[in-house]
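Written out below as structure tokens is the structure these notes cover.
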There are 4 protein chains.
Amino acid sequence: MDKTDILPDKKEAIMNAALLLFTKRGFYQTPTSLISKEAKVATGTLFHYFKTKEELIDSIYAISKKEYKEALIKGFYESSTIKEKMRTLCKNSIRWAVKNPEKHMFIRLFCSSPVISGEIREDVEKRFTFIDDLFSEASESEIFTDADPRLHFIFCISSINGACDYIIENGLQDKSEAISETVFNLIWDGIAKKGIN
Amino acid sequence: MDKTDILPDKKEAIMNAALLLFTKRGFYQTPTSLISKEAKVATGTLFHYFKTKEELIDSIYAISKKEYKEALIKGFYESSTIKEKMRTLCKNSIRWAVKNPEKHMFIRLFCSSPVISGEIREDVEKRFTFIDDLFSEASESEIFTDADPRLHFIFCISSINGACDYIIENGLQDKSEAISETVFNLIWDGIAKKGIN
Amino acid sequence: MDKTDILPDKKEAIMNAALLLFTKRGFYQTPTSLISKEAKVATGTLFHYFKTKEELIDSIYAISKKEYKEALIKGFYESSTIKEKMRTLCKNSIRWAVKNPEKHMFIRLFCSSPVISGEIREDVEKRFTFIDDLFSEASESEIFTDADPRLHFIFCISSINGACDYIIENGLQDKSEAISETVFNLIWDGIAKKGIN
Amino acid sequence: MDKTDILPDKKEAIMNAALLLFTKRGFYQTPTSLISKEAKVATGTLFHYFKTKEELIDSIYAISKKEYKEALIKGFYESSTIKEKMRTLCKNSIRWAVKNPEKHMFIRLFCSSPVISGEIREDVEKRFTFIDDLFSEASESEIFTDADPRLHFIFCISSINGACDYIIENGLQDKSEAISETVFNLIWDGIAKKGIN
DNA sequence: GATGAATGAGTGTTCATTCAT
DNA sequence: CATGAATGAACACTCATTCAT
């Protein structure tokens, strides 16, 4: 899990090629032979680094999520209010997705796919419990309208993902900061009790 | 309403089996042999009704979208205000998804998949232009906060889909009417200018 | 075998369609479904008249050979010398092939193919023993150069078939009478002892 | 001489097995699974060396024709007269066919079959233009009777092929040299003007 | 007789994976 | 470490043939 640091050239080449191909063509339409070809390694080399094709996808998923997490928390703990924390998450999230569209797409495509092993998925989810905590706290502080915090959470995630789709589909990368501000307001106006700041 | 016209028994059995299997296992992990087995027909029969596996998926997509559309517009034209129209769409959408979880899932899984032929996709999209019109009208009437109506649209769809996920994941089907009211409020409070009804 | 006389419409349509398709596309690249489609009958109808696809080909072969034989002997028994008899055969053969190119091609394609049942083949060969007799007679009469009459026979057939190919490939149907005279001379000059007429 | 360069063992085994099976059973009645079985390789191995079944047949055709050509020209350019050149071709042709009956049969079966790709066919035909040249030269030198050189050509080829059939069908391999002399005389007496040597 | 929906064995081909070099 | 030839199970799809109507 921590070999991330100094990846052998070939391993990295394989993962990069696979990320591109999986997002462009899908997992099952991407033969391992094509991945090794694009990565300019022999077919056997792929299986030297990854026992199976699924292990390769697991690794990409884990790394992408790790990077996403790192981007997500930038400035989070420095934000003083719940509203600020949420704004930070919202902006970080959109910013990262726009800068790393393949990784973002990869996560969305495979987050609910049975291709990702349950084990990896659980490991990864642990990194994000701090968000659940934030929503619970907000609920308890009566900042949010009455509703299951999980519903609020899903509402936020969905809206953020929708915004990313919007930006990428319409090529609005250069306006993404403004859009993420707009989206955060849409969300906050829905979620927060009137009069809360 | 449930069938286009009068589908032959076997054709229907194949489509039903395929719908279940595709949503449970995915398109590429579902061999046609398994579909025909579950549908209790011979392998050749599947190809008697659908020239290719892709034509089968196209057919399921088209029918599901057609049924969704029919559910969506119930009471839509009878709603007098834009707010009422949107509430109707939101509730109809969630209601249909909760009643037809496989078809809902099928549409979400395959709506952006290249497996669906472009031709079918275009045919289908035409049925939903009335929603674009509604958003444009709302924008022009200055009912919505300033933002691209396409962003508002994506925001709504994402939120609704998020709500469906929430209901289905948590087994809250019996509370779906209340949840959809909550979600509509989340959306409306985000989207509409303050003071608009 | 003698139902040839009054063929039911559909049976004839099937045989005609099959003759064309088999010569154009080959036996194995011609599905029975295509034959019935071209013949404008249902798939079951083909198998009503012919127990199997192979029986269909046998029937076409037998009929074609029968017609060929009938064309071949026109004027044969009226010819007085061996040379005249051979000229008659040569000319009749080319004339028929040029007028019935599909049937000629069909015979050539399938004459040595295992697709034709041995039984049919034997039945058919019997009709042509009169040619063997002619060659034996010619050999015994010391009209031909010394060589196995079977070699002479194959030499003649090959040359005649070559001539048919030449005419059909080059679209020289209108010159086929002259060509067949030329070819007969080529053959005769090869076969007959010098000074024989 | 026997192989293009140094063919891998398995590739050669596949081609040999396929040559035998295709001539014995025909192209469409020979499943690739049977070829790999006879060649004692896995099904995948066949497709490792030949992208498709058709590419396999193309390769066999090209190699057979290449070998045939090499056999055909032995002593050709050393022959001084047109008659000698033709005798050389006739004898070389029959000799090769008798020694390589499967390859000979393969060429005859597939030379006019659409299974062979047009590209391969053209490549191959180029090797044999020297024969056309010979016939044109003979025609222009007024050595041959008046007739289209293409007719003479077809007449020769047909006769030679007929002779090969005769030898192989009747098991006369040990007499093939004498027979080819006989056949050459049949041909020459037909083709050449009287008194030409 | 005539139909065409239904059958299922059989085909060409793919591709994740192994392993000798 | 790295290679790529070799493997064979699995797949989408075809098509001769049957049979209830």
Side-chain angles (χ1 to χ4, degrees), chain A residues 8-11 13-14 27-37 39-56, chain B residues 8-11 13-14 27-37 39-56, chain C residues 8-11 13-14 27-37 39-56, chain D residues 8-11 13-14 27-37 39-56:
Chain A
D9 277 1
K10 307 229 169 189
K11 186 172 184 183
I14 291 165
F27 183 65
Y28 289 99
Q29 295 99 287
T30 304
T32 53
S33 58
L34 183 58
I35 298 170
S36 11
K37 200 174 152 195
K40 290 182 176 141
V41 301
T43 60
T45 306
L46 192 156
F47 289 92
H48 178 72
Y49 288 108
F50 307 95
K51 260 214 300 279
T52 64
K53 194 184 177 187
E54 309 217 332
E55 201 179 293
L56 168 59
Chain B
D9 280 1
K10 309 234 167 186
K11 186 171 184 183
I14 291 165
F27 183 66
Y28 290 100
Q29 299 97 284
T30 304
T32 53
S33 58
L34 183 58
I35 299 170
S36 25
K37 200 173 154 194
K40 299 201 163 110
V41 302
T43 60
T45 305
L46 192 157
F47 291 94
H48 180 71
Y49 288 108
F50 307 94
K51 267 208 292 283
T52 62
K53 195 184 177 186
E54 308 218 331
E55 199 179 297
L56 169 57
Chain C
D9 278 2
K10 309 230 167 186
K11 184 172 186 182
I14 292 166
F27 183 65
Y28 289 99
Q29 296 100 286
T30 305
T32 53
S33 58
L34 183 57
I35 300 170
S36 10
K37 199 174 156 196
K40 290 179 176 143
V41 301
T43 60
T45 307
L46 192 156
F47 289 92
H48 178 72
Y49 287 110
F50 307 95
K51 262 212 298 279
T52 64
K53 193 185 178 186
E54 309 217 331
E55 201 180 293
L56 168 59
Chain D
D9 279 0
K10 308 235 167 185
K11 186 172 185 182
I14 291 165
F27 183 66
Y28 290 101
Q29 299 97 285
T30 304
T32 53
S33 58
L34 183 57
I35 299 170
S36 26
K37 199 172 154 196
K40 300 199 162 113
V41 301
T43 59
T45 306
L46 193 157
F47 290 94
H48 179 72
Y49 287 107
F50 307 94
K51 266 208 292 283
T52 63
K53 194 185 177 186
E54 307 219 332
E55 198 177 296
L56 168 58

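We use all heavy atoms of the structure for the numbers below, so side chains are in, but hydrogens, waters and symmetry mates are not. Small disclaimer: the values here were computed from a predicted structure and weren't measured. All chains are named by letter (A, B, ...) in the order of the sequence lines, taking the proteins before the strands, and each is independently numbered beginning at 1.
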Pairs: protein N or O with nucleotides 10-12 of chain F N or O, under 3.5 Å:
unit_1, atom_1, unit_2, atom_2, d
F:dA12, OP1, B:Lys53, NZ, 2.6
F:dA12, OP2, B:Thr32, N, 2.7
F:dA12, OP2, B:Thr32, OG1, 3.0

Quiz item: Want to settle it: does B:Leu46 or D:Lys51 sit nearer the 5' end of DNA chain E, counting the closest nucleotide to each?
Solution: B:Leu46

Quiz item: Which whole-number value in Å describes the distance from A:Ile35 CD1 to F:dA2 P?
Solution: 17 Å

Practice problem: List for me each residue that meets side-chain contact (heavy atoms from CB on, under 4.5 Å) alongside C:Ser36, sequence neighbours excluded, and say none if there are none. | Solution: C:Val41, C:Thr43, C:Leu46

Quiz prompt | Residue met sooner reading DNA chain F from 5', once A:Thr45 and D:Ala42 are mapped to nucleotides | solution = A:Thr45

Self-check item: pair D:Phe27-D:Lys53: side-chain heavy atoms closer than 4.5 Å
Solution: yes

Quiz item: To the nearest Å, how far apart are B:Asp9 CG and E:dA6 P?
Solution: 9 Å

Self-check item: Set of residues satisfying side-chain hydrogen bond (donor to acceptor under 3.5 Å, both in side chains) with respect to D:Gln29, sequence neighbours excluded
Solution: C:Tyr28

Quiz item: C:Lys11 NZ to E:dA2 C1': how many Å, rounded?
Solution: 16 Å

Quiz item: Should A:His48 be listed as having a side-chain N or O under 4.0 Å from OP1 or OP2 of F:dC1?
Solution: no

Quiz item: In whole angstroms, how far is the C1' atom of F:dG4 from the NZ atom of A:Lys40?
Solution: 18 Å

Quiz item: In whole angstroms, how far is the P atom of E:dT17 from the CD atom of A:Glu55?
Solution: 10 Å

Quiz item: Partners of B:Phe47 by ring pair (Phe, Tyr, Trp, His ring centres under 6.0 Å), sequence neighbours excluded?
Solution: none

Quiz prompt | Stems formed with participation of DNA chain F [Watson-Crick or G-U wobble, under 3.5 Å, three or more pairs] | solution = E:2-21 with F:2-21

Practice problem: For the residue pair A:Ile14 and A:Lys11, establish whether any side-chain heavy-atom pair is separated by less than 4.5 Å. | Solution: no

Quiz prompt | B:Phe50: partners by ring pair (Phe, Tyr, Trp, His ring centres under 6.0 Å), with sequence neighbours left out | solution = none

Quiz item: Is any side-chain heavy atom of C:Leu56 closer than 4.5 Å to a side-chain heavy atom of C:Thr32?
Solution: no

Self-check item: Interatomic distance where OH belongs to C:Tyr49 and P belongs to F:dT18 [whole Å]
Solution: 17 Å

